[in-house]
**Q** 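I am attaching a structure below and will ask some questions about it afterwards.
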Amino acid sequence: MAVKPSTASERAAFTIKEFCEAHRISEAMYFKLCKVGLGPRVMRAGRRVTISMEAATDWRRAREHASQAPENAAA
């Protein structure tokens with residue numbers, strides 16, 4: 001019986017590096033976004049930090065929504 005390699009659809013969470021690769025952002029940009037409160041939710045297990053698929057989906061939706069909002073709605 002052959003062992004099938006894991007695919008993104010079967011994965012439960014990303015590492016930070018995997019998240020950045022999947023979303024085509026640099027790790028530096030990831031940490032900048034986190035610093036200003038715009039990063040995805042993370043899970044911590046000891047020193048390991050992962051980002052669930054649900055958190056990645058929520059993060060993409062939030063970023064899409066923010067990019068569609070008018071910048072100067074009051075002006």
Side-chain angles (χ1 to χ4, degrees):
M1 179 177 198
V3 176
K4 190 171 110 179
S6 178
T7 62
S9 63
E10 297 170 345
R11 185 177 301 143
F14 290 113
T15 63
I16 292 172
K17 182 178 180 180
E18 290 168 340
F19 176 85
C20 292
E21 289 172 356
H23 294 87
R24 300 181 60 123
I25 62 173
S26 68
E27 289 185 48
M29 176 56 76
Y30 168 84
F31 288 109
K32 284 181 186 178
L33 289 168
C34 289
K35 186 175 183 177
V36 296
L38 297 176
R41 293 186 318 274
V42 298
M43 301 181 291
R44 296 181 187 275
R47 294 182 59 196
R48 187 163 185 91
V49 177
T50 56
I51 301 153
S52 70
M53 292 300 165
E54 295 83 3
T57 299
D58 293 346
W59 178 81
R60 283 191 305 274
R61 286 191 180 127
R63 300 286 43 88
E64 289 170 355
H65 184 264
S67 69
Q68 294 172 0
E71 289 184 32
N72 296 317

**Q** With sequence neighbours left out, which residue pairs that include part of residues 39-53 fulfil the salt bridge (charged side-chain N to carboxylate O under 4.0 Å, His left out) condition?
**A**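 Only Arg41-Asp58 qualify under salt bridge (charged side-chain N to carboxylate O under 4.0 Å, His left out).
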
**Q** How close do Pro40 and Trp59 get, counting heavy atoms only, and between which atoms?
**A**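 Closest heavy-atom pair between Pro40 and Trp59: N-CD1, 3.4 Å.
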
**Q** Write down the atom of Met53, the atom of Arg11, and the distance for their closest heavy-atom approach.
**A**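 So the two residues come closest at CG-O, 3.4 Å.
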
**Q** By the definition side-chain contact (heavy atoms from CB on, under 4.5 Å), identify the one residue from Ile51, Thr50, Ile16 that meets it with Val42.
**A**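 Exactly one candidate clears the test, Ile51.
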
**Q** Under the salt bridge (charged side-chain N to carboxylate O under 4.0 Å, His left out) rule, what pairs show up with a residue in residues 25-37, not counting sequence neighbours?
**A**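 Checked against salt bridge (charged side-chain N to carboxylate O under 4.0 Å, His left out) - neighbours excluded - no pair reaches residues 25-37.
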
**Q** Tell me, with the steps shown, if Arg63 and Leu38 meet side chain to side chain contact (heavy atoms under 4.5 Å, CB included).
**A** CA-CA 8 Å; Arg63 300 286 43 88; Leu38 297 176; 3.6 Å; yes

**Q** So, taking the atom named CE in Met43 and the one named CD in Glu54, what distance separates them when rounded to the nearest 0.5 Å?
**A**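 Reported value, rounded in 0.5 Å steps: 8.0 Å.
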
**Q** Locate the shortest heavy-atom distance separating Ala13 from Glu18; write the atom from each residue and the value.
**A**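 Where Ala13 meets Glu18 most closely, the heavy atoms are O-OE1, 4.0 Å.
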
